Structures are given as C-alpha cells and as structure tokens.
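One structure is given here, and the rest of the page talks about it.
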Amino acid sequence: MKNKGRIRKRNRKIIYLKAIVAVLIICTGITAAEEIHVYPSSDPNGRAVRDIQNAVDGAQDGDTIIVHSGDYTDCVEISKNLAIRAEAGVTVRDNPMIGLPVFTIKSPANSVSISGFTIKRNSASIGIKIEGANCTIENNEIEGYNGNGYLTSGISLISSEGATLSNNRVSACITGISMDSSSANIYLNDFIGNSQDFSFGSNLDITWNTPEPVTYTYGGREYYGHLGNYYNGYTGTDSNRDGVSEIPYEERDLYPLCLQASNYVVGENSAPDVELNEALNGSVISGTINVNSTTVDGDVDFCSFEYSPDGMSWNEIGKAETGTFLGDSDLWSVEWDSTKVDSRDYYIRASATDKGGLTGSDLITVTVNNPVRNINTGKRFVSIQEAIDDTGTLEGHTILVEEGTYRENVEVTKSLTICSESGSGLTGVQAPDSGKPVFNITANSVTISGFNITGAEYPYAGIYLRSAKNCTFEKNVLSENFGGITLFYSCNNTISNNTACNNSYGIGLEQSGNNTISGNAAYNNSENGIWLESSDRNTLFENTALNNSRYGIYLASSSKNMLEKNEACNNSEHGIYLASSSNDNTVSDNTACNNSEYGIYLDFSGNITLSNNTAFNNTFGVNLVESGNITLSNNTARYNAIGVNLVESGNNTLSNITACNNSYGILLVQSGNNTFSSITTCNNSECGISLASSSDENTLSSSTVNNNDCGIYLAFSSNNLIYNNYFNNTNNTYIEGLNTGNRWNTTKASGLNTIGGPYLGGNFWASPEGMGFSESATDGNYDGISDFPYSFMETGDNVDFLPLVIPSSVPEDTTRHRGGSGTGEARIIPAVTEETAGTQEAEEESELSPDQGTLTPAGETDASEEPPASETPKDSGEERNGEEQKTPGFEIAFALSGLLGALYFARKE
C-alpha cells in the first residue's frame with residue numbers, strides 16, 4: 001500500500017509540472033515541439049539524418065524523434081526531455097568503437113521515453129541505462145547475446161526515480177534488470193533465458209505489477225485484477241484460470257503471469273463477446289447450434305437464439321440458461337429442428353446477456369440444406385438414411401433426393417422407392433466406409449433410381465441385394481466399386497438402363513433366378529461386364545458389355561437363361577462365355593465383336609440354342625468346347641481368325657450359318673456327329689470348312705463353299721458325309737493324312753439340289769476360272785448328275801460318285817449359283833435349251849445308272865458298281881496328293897487345331 005501511495009503522489013507531481021511547463025510555453029512563446037525523422041539513408045525528401053545521435057543532438061526539449069525501419073549502429077546519449085519512437089523493423093546496436101550502452105538516459109533528463117526498438121549487442125555491456133527521472137521504457141526487445149558475448153544488463157536503473165518499464169522483452173542477458181537507488185513500476189514484461197532476471201542494490205522502491213487493477217482479456221474471457229511479469233521457466237498454480245499465478249515470484253512479483261505478456265489484452269469492461277461457431281456457416285443446420293461467449297467475469301446469465309429468412313422477421317429458436325466452461329469460453333447451445341423449414345439461406349442470431357445486464361450478439365448466414373424428402377409425408381431430412389429410419393416413413397413410401405453428393409452407406413430395410421430428382425449426372429452417393437455396400441438392400445420391393453453410386457470395396461457392391469425379390473434398379477451409374485450391382489439368393493428383380501463401369505465387375509448374379517437384366521451398359525470393368533453363377537431362368541436383353549478386362553457376359557453353371565439382343569464387344573478375353581454346365585440356355589440376336597479371344601464361347605455346356613447372332617473381328621467367332629446338343633441357326637461369323645470352331649463337341653446342329661471373310665470359316669477338332677446344312681463360307685483366306693481329327697458322321701449338306709483359298713480340308717477325319725454342296729474355290733479340297741470312309745454323295749434321289757437340279761446326289765465342283773469338274777462334265781441323260789464320278793485322290797478313297805452338273809433347266813424362284821468369277825458368288829447357270837428339254841423328263845424317270853454309283857442301305861458305297869480307279873476321270877485343278885500339292889496354311893490349320901485342344905485341357909486342369 002505504501003508503494004501505491006508513493007506512485008499516486010509522484011503522478012500528481014508530474015501532472016503539476018506538466019501544467020506549469022504548458023503555461024510557460026504559452027506565455028514566453030517557446031517553440032512548439034517538432035518531429036525529427038531518422039532514416040538509415042537519405043529519406044524521400046533528400047534529407048540525410050542518418051544516425052540517432054545526430055537527431056538527439058539537434059533536438060529541443062519536448063521533440064519526438066521517429067526512427068524509420070533499418071539497422072543502426074550508435075551509442076545514443078540523451079540528456080534532453082525527448083520521445084524516441086521506432087517504427088517496425090528498427091534494430092540498434094552499439095558502436096564498438098565507443099563502448100558505451102546502446103541507449104543512455106543521463107541526468108537531468110526528465111520524462112524520456114524509448115519505445116519500439118530491437119536492441120542488440122556489439123560490445124556494449126548494457127542495453128538501456130537510465131539515470132534520469134520519470135522515464136518510460138516500453139514495447140522494446142532487448143537481445144543480450146550476439147554470438148561472442150552477453151549484455152551484462154538488459155536494462156540498468158542507476159539513481160533513477162519514477163521509471164515505468166512495461167511490455168518489454170528482455171532475453172539472453174546476464175541480468176535482465178539491474179537496479180540501484182531507484183524507484184520504478186515494472187509490469188507486463190517478458191524475461192526469457194537470462195542468467196538472472198534481476199539484481200538489486202540499495203534504496204529501492206520497485207512495484208512489480210500494474211499500479212492499479214486493470215480489465216484484461218485472457219483466453220477469450222475478460223478478467224479484472226493486477227498483472228505482473230512473465231518469467232521463463234517459472235511455473236505456479238492458476239486454479240481460477242485467470243492467467244495469473246497464485247504463488248509470487250521470488251517474493252517480489254505478487255502477480256506473475258502464466259503465459260507471455262502478449263496473451264493479455266488490457267481494456268475496459270465490456271459486454272459479453274459472442275461468436276457463433278464458424279462450423280455452422282454454410283453447412284447443414286440440424287440439431288444443436290453452439291455459441292462461444294465471454295464476459296468480464298465469465299458470468300453469462302443466458303443466451304437466446306433466433307432465425308430469420310430475410311433479416312427482418314425473426315423467429316425464436318430457444319433460450320439457454322446454462323453453459324459449459326471450455327477453458328477459454330462458455331459454450332452455450334440450443335436445439336433447432338431445421339427439418340421443419342425449407343432448404344435456403346437463413347440468418348442465425350445469438351445474444352448473450354451477463355448478470356449486469358450487458359448484452360453482446362453475433363449474426364451469421366447459414367444454409368439449411370434438407371435435400372431428402374418423403375413425398376408421402378412431406379417431411380425433409382438431411383440424409384437418405386435419416387429419411388429411411390424416420391418412424392413416419394412407411395412401407396411403399398417414396399423418398400425423393402435433390403441433386404448433390406451424399407456420403408452415406410445406406411441400409412434399406414423397408415420397401416421404398418428411393419430416386420433422385422435430377423438424375424445420376426447430378427446426384428451421387430459415396431460410401432464413407434468402403435468396407436460396406438453403398439446401398440445394402442435387405443427388403444423386398446425396393447426401387448433405387450437415378451444415382452451415381454461409388455466407393456464400395458471387396459467384397460461388396462454399389463447396390464448389394466441379398467435374399468430379396470421384386471426390386472428394381474434403374475438409370476443408375478455405378479463406378480469405382482468392387483461390384484456395380486450384385487444379387488445373392490434373390491429373384492424376380494429388374495435391373496434396367498444402368499451404367500456399370502470402372503468396377504471390378506459390372507453386374508453380377510449368384511444363385512439368383514427369374515431376374516430381368518435389360519438395357520444396361522457394362523464397360524471398362526477390370527473383370528467381367530455381366531456375370532451369372534448358379535443362376536437360372538434369367539433374361540439378359542439389349543445390354544452392352546464393352547471393353548471389360550475379361551469377359552463381356554459370363555455364365556457359369558447357369559441354365560435356362562435367355563440372352564437376346566446383347567452387344568459384347570472389345571473385351572480382353574471373350575464376348576459371351578457360357579461355361580461349366582450352363583445348359584438349356586437360349587442365345588439369340590446378339591453381337592460379339594472385336595474381342596481378343598472368342599466372340600461366343602460355349603464350354604462344357606449343352607442343349608443350347610444359338611440363333612441370329614453375329615460374331616465378327618474376334619480371334620474365334622463362335623467356339624464350342626466339349627459341348628453337345630447345340631443348335632446354331634442363322635448366325636454370322638465374319639472377319640475372325642476362325643468363324644465357327646468346334647472342339648470335342650458332338651451332336652450339334654448348324655444351319656444357315658454364314659462364315660465369311662475369316663481365315664478359316666468353320667473348323668472342327670476332334671468332333672463328331674454334327675450336322676451342317678445351308679452353310680455359307682466365302683472369302684476366307686485359308687479354308688471354308690476344316691475337319692481335323694473329326695470323324696463319325698459329321699454331315700455337311702446344302703451349303704455354299706465359295707471363293708476360299710481352300711474349300712474343304714480334311715486331316716485324319718473319317719466316316720463323314722459331304723453332299724449337295726456347291727464348291728467354287730482356288731482349291732476345292734485338300735486331303736491330308738489318313739481319311740477313310742468319307743462319303744461325298746448320297747444315294748440318288750428326287751429333290752431340288754443346291755444348284756436347282758432335280759436330283760440329290762453329290763456336290764457341284766466349280767472353279768473361279770469356270771473350268772471346274774462339274775462345269776465341264778458330261779450329262780448324257782440331262783438329269784443334272786455327271787456321267788462319271790469325281791475322284792480327289794489317286795487311291796480312289798475320296799470319290800464323289802454323283803457329282804452335280806449344270807441342270808438342263810432350273811425351276812422358277814430357285815436360288816441359282818454362280819461360278820467361274822472367283823468373286824465369292826457363283827455365275828448364273830443358263831436354262832436348258834429347247835432341243836434338250838423334250839427328252840429330259842423321260843430319261844430322268846428311267847435311268848438310275850449303276851455307273852454313277854449307289855449307296856447300300858447301310859449307307860456304304862457298293863464297290864462292285866464303282867468304276868476302276870484307272871477309269872475314274874481326274875481334274876488336274878482339283879487333285880491333291882503328295883508334298884508338291886500342299887497349299888500354304890494347311891499345316892498351320894492342323895497345328896492350330898492341336899493347340900486348341902491342348903489349351904482347352906490345360907484350362908480344365
């Protein structure tokens with residue numbers, strides 16, 4: 001208390017003296033105080049006051065010296081009453097040639113102030129030395145160590161009365177403040193890293209805190225009390241969290257600070273400071289609104305909350321009368337159910353009132369976004385899941401979702417329609433937990449429509465259905481999932497017009513039946529586009545499966561499904577693949593193109609109908625491996641390496657097949673008991689039809705084999721029947737290896753043959769030059785059958801005993817083959833002349849010459865009726881026997897057939 005009394009007396013003296021000085025100035029005409037500016041170089045006006053000492057020497061009592069940013073070297077001695085103030089960025093070091101303190105305030109100087117400097121050492125022992133009275137040293141930073149020595153004292157008081165030292169930072173000195181025969185107020189200073197913070201002489205009157213209690217803000221709250229200084233390394237106790245230690249420092253500073261002085265803002269008493277949480281600004285409002293509020297004593301009485309759509313009409317949200325102390329403020333909150341208002345911007349206002357009646361407030365704009373609506377109840381929700389879980393949402397309701405991106409793993413446990421308002425291009429659902437499905441559906445009769453669905457990882461899918469039925473998934477885009485859509489143990493569901501791309505697989509069914517998959521696009525998936533496993537009686541209609549890394553459409557152990565009008569192209573392995581006893585399926589009107597391996601591939605499957613499919617530009621167009629009872633009709637295979645390929649497959653029926661512009665049209669490998677009719681193979685660069693190790697009643701009839709390098713190729717293939725076909729190729733036949741028992745004609749019988757003649761028998765043998773056997777053979781009785789058989793081999797083992805020739809007349813509306821052009825089509829055969837027309841009918845009825853060969857009832861040629869080999873006419877353009885007659889590419893075909901078999905067995909193992 002004595003110290004406080006002395007300070008008050010001293011302050012009254014100062015005020016009195018200042019008043020006398022003012023009167024003297026007025027009465028005597030003393031010059032008014034001036035500002036003197038110091039620059040480290042010439043100032044903008046060309047003046048050259050370059051050091052502080054020169055400015056001090058030229059100044060008058062009462063002047064202010066302003067030192068501008070820069071580095072200065074000076075030892076400044078002050079013996080006048082001056083204010084010396086630094087701008088930001090001013091550093092002063094002592095002149096080592098002089099060896100004095102950086103600043104010295106000499107007696108009788110009175111009321112000198114020094115503020116804003118950074119003071120550093122060159123060789124001086126003291127930063128600021130004070131010998132004058134009533135000096136103010138504030139907001140300076142004194143750094144005592146320069147790398148090779150320390151300041152003995154940051155600030156030194158010698159016989160100095162009434163000094164005020166505040167808001168200074170004194171660091172790395174031997175002694176922060178040294179004092180002898182002096183009085184001073186010292187507060188809000190930081191003493192950091194000094195050997196000792198102060199040293200004392202005698203006759204001292206020092207106050208180590210603010211002279212009077214002050215209002216200050218600390219940690220966001222207002223307090224009232226004394227503030228001392230901060231001493232680095234000192235720890236006290238602060239149970240009331242006002243920032244002032246309850247234990248004095250060295251029994252001198254009664255109010256030492258817990259943190260550095262910059263954490264304390266001294267000011268007047270004020271109303272509560274209110275700040276609405278920034279997290280609310282621009283985000284979804286639902287539930288709790290929070291406000292941080294502080295007041296002079298931390299004692300907020302209550303907080304009130306309001307909202308307004310226009311800032312004019314206000315609606316009460318609620319009132320909070322209890323807050324939670326957080327250590328730097330009180331947290332007040334109130335519940336607001338924003339689902340009762342429309343989605344738009346609102347003003348939120350919070351007002352905090354303290355016990356003294358002072359009120360502070362804060363206002364922010366927030367966006368209320370309740371984009372999910374139950375159209376049956378009209379209630380709005382923040383999320384899809386919240387709408388589903390709401391007790392007012394009942395079975396059969398519709399949830400409408402506005403555009404935006406929703407980070408949810410949605411559990412659909414009710415029979416609902418969940419659809420987007422704007423479609424998948426603007427409405428997305430992303431899984432925040434990738435270890436779960438995006439939509440996990442366990443209820444029946446659920447519809448999911450119009451979403452962009454992403455983020456489910458193995459083993460889950462964007463839409464994941466288990467043990468449910470009668471669900472509909474349409475117009476969704478599913479990407480970046482493990483699976484796009486997956487059904488397990490689910491039936492009678494509809495998947496339509498979805499896009500499943502960039503997943504591991506697009507759409508998958510496992511042990512699921514009677515589902516309809518239509519109009520979907522499955523592309524760029526790292527496995528398969530669409531797959532079915534152990535799933536029966538499903539319909540796949542008008543889907544596209546493109547650019548998938550394995551298969552476009554894949555069925556495994558799945559039967560009685562219908563695949564119709566699908567497009568499976570540009571896949572890295574197969575277009576459409578049926579495997580592992582996928583039986584009784586119907587595959588019709590599909591397109592399989594540009595696949596790296598097979599267009600349509602049947603593996604170990606049976607009782608399948610393939611009709612009206614197109615396979616082009618694949619390695620293999622249509623491929624059957626170990627598959628039987630397959631019906632192929634009206635299919636087209638073009639621009640493949642092999643158009644139609646059968647490996648170890650039997651009892652199949654192929655009709656109306658077009659296999660053109662391939663390397664090989666149709667290839668059989670180790671396959672028997674297959675029936676081919678109405679086949680067209682043309683423009684194939686190697687062979688039209690190839691049989692490799694394929695025996696036992698393969699039948700080829702009523703077909704056109706035209707404009708191929710080789711018409712028909714047999715290698716180690718026996719007991720096959722080839723009749724009523726039209727051959728017009730560079731080489732109509734190529735025979736290699738042991739091929740026995742093959743029959744090239746049937747028993748002569750009435751019936752329209754392949755070139756419009758009246759009898760069935762053998763084949764028509766043309767050549768691109770128009771000089772084929774059938775084109776030059778004699779037909780004495782005009783029955784359309786050559787008078788002589790046609791032998792391909794000198795051994796006579798491969799003989800057409802009833803080769804067809806140009807008929808004497810062609811019935812109306814009969815397809816007429818063309819020949820001789822080499823263009824892939826047969827030339828028009830002229831009608832019979834009038835001279836021969838009269839005798840044809842009688843001769844046809846009376847003659848069945850044994851010279852033309854007949855078949856026994858068992859189907860074997862009667863050798864006794866067969867002319868000797870030496871008498872059998874030979875066509876030099878058709879004979880193939882011996883190495884010199886081999887056509888390039890046949891060895892490749894035979895090797896390829898073996899490779900296909902090896903590849904198949906390797907895969908099985």
Side-chain angles (χ1 to χ4, degrees), residues 458-459 461 478 481-488 490 495 498-513 515-518 520-588 590-606 608-610 613 615 618-627 630 903-904 907-908:
Y458 177 85
L478 304 109
N481 304 286
F482 176 70
I485 300 175
T486 302
L487 276 60
F488 284 99
S490 298
I495 302 172
N498 301 282
T499 298
C501 59
N502 299 306
N503 309 284
S504 290
Y505 62 85
I507 298 171
L509 277 65
E510 186 169 340
Q511 299 189 48
S512 298
N515 300 287
T516 299
I517 304 171
S518 64
N520 302 284
Y523 61 88
N524 291 343
N525 298 290
S526 63
E527 291 289 333
N528 308 316
I530 301 172
W531 65 267
L532 280 65
E533 185 170 341
S534 302
S535 296
D536 302 336
R537 295 183 175 85
N538 299 286
T539 298
L540 279 67
F541 180 71
E542 291 188 343
N543 302 286
T544 57
L546 312 174
N547 297 306
N548 300 288
S549 295
R550 295 204 68 191
Y551 314 133
I553 299 174
Y554 173 52
L555 277 64
S557 303
S558 298
S559 300
K560 298 181 180 178
N561 300 285
M562 184 182 76
L563 282 67
E564 182 178 355
K565 295 184 179 180
N566 301 287
E567 181 179 350
C569 297
N570 298 100
N571 300 287
S572 296
E573 294 189 28
H574 316 326
I576 299 174
Y577 182 25
L578 280 64
S580 304
S581 300
S582 291
N583 303 318
D584 302 298
N585 294 292
T586 299
V587 182
S588 62
N590 301 284
T591 299
C593 61
N594 301 314
N595 298 288
S596 298
E597 295 186 18
Y598 304 106
I600 300 174
Y601 182 15
L602 276 59
D603 184 5
F604 201 73
S605 298
I608 294 173
T609 299
L610 274 73
N613 300 290
N618 310 282
T619 301
F620 300 86
V622 179
N623 192 61
L624 278 62
V625 175
E626 255 187 275
S627 297
I630 309 298
L903 177 62
Y904 167 69
R907 279 193 170 183
K908 286 180 68 177

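In this chain, numbering begins with 1 at the start of the sequence shown. These numbers were taken from a predicted model, which means no experiment stands behind them. The basis for the numbers below is simple: all heavy atoms, side chains too, and nothing from hydrogens, waters or symmetry mates.
For Ser512, there are no side-chain hydrogen bond (donor to acceptor under 3.5 Å, both in side chains) partners at least two apart in sequence or on another chain. In terms of the ring-ring contact (aromatic ring centres under 6.0 Å, His included) criterion, residue partners of Phe482 (sequence neighbours excluded) are, by chain and number, Tyr458, Tyr505.
Taking 4.5 Å as the limit, every side-chain heavy atom of Asn571 sits out of range of all side-chain heavy atoms of Asn547. Considering only heavy atoms from C-beta on, Leu602 stays 4.5 Å or farther from Ile576 through its side chain. No side-chain heavy atom of Asn525 sits under 4.5 Å from any side-chain heavy atom of Asn502. At least one side-chain heavy atom of Asn561 sits less than 4.5 Å from a side-chain heavy atom of Asn585.
Listed for the Asn613 side chain is a donor-acceptor partner under 3.5 Å among the backbone atoms of Asn590. At distances below 3.5 Å, at least one donor-acceptor pair connects side-chain atoms of Ser627 with backbone N or O atoms of Ser605. With Asn538 contributing its side chain and Asn515 its backbone, the two residues share a donor-acceptor pair below 3.5 Å. Here the side chain of Asn618 pairs a donor or acceptor atom with the backbone of Asn595 at under 3.5 angstrom.
In plain terms, the two heavy atoms of Ser526 and Arg550 that are nearest each other are O-CG, 4.4 Å. A pairwise comparison of heavy atoms in Ile600 and Ala592 identifies CG1-CB, 4.0 Å as the closest pair. Pairing each heavy atom of Ala545 with each of Gly552, the nearest pair is CB-O, 3.4 Å. Of all heavy-atom pairs between Ala500 and Ile507, the closest is CB-CG1, 4.3 Å.
Summarising the geometry, atom CG belonging to Asp603 is positioned 8.5 Å from atom CG belonging to Asn623; distances are rounded to the nearest 0.5 Å.
Using a 30° and 60° split on the angle between ring planes, Tyr601 and His574 fall in the perpendicular class, above 60°.
Using modelled atom types, one finds a donor on one side chain and an acceptor on the other under 3.5 Å when comparing Asn520 with Asn543.
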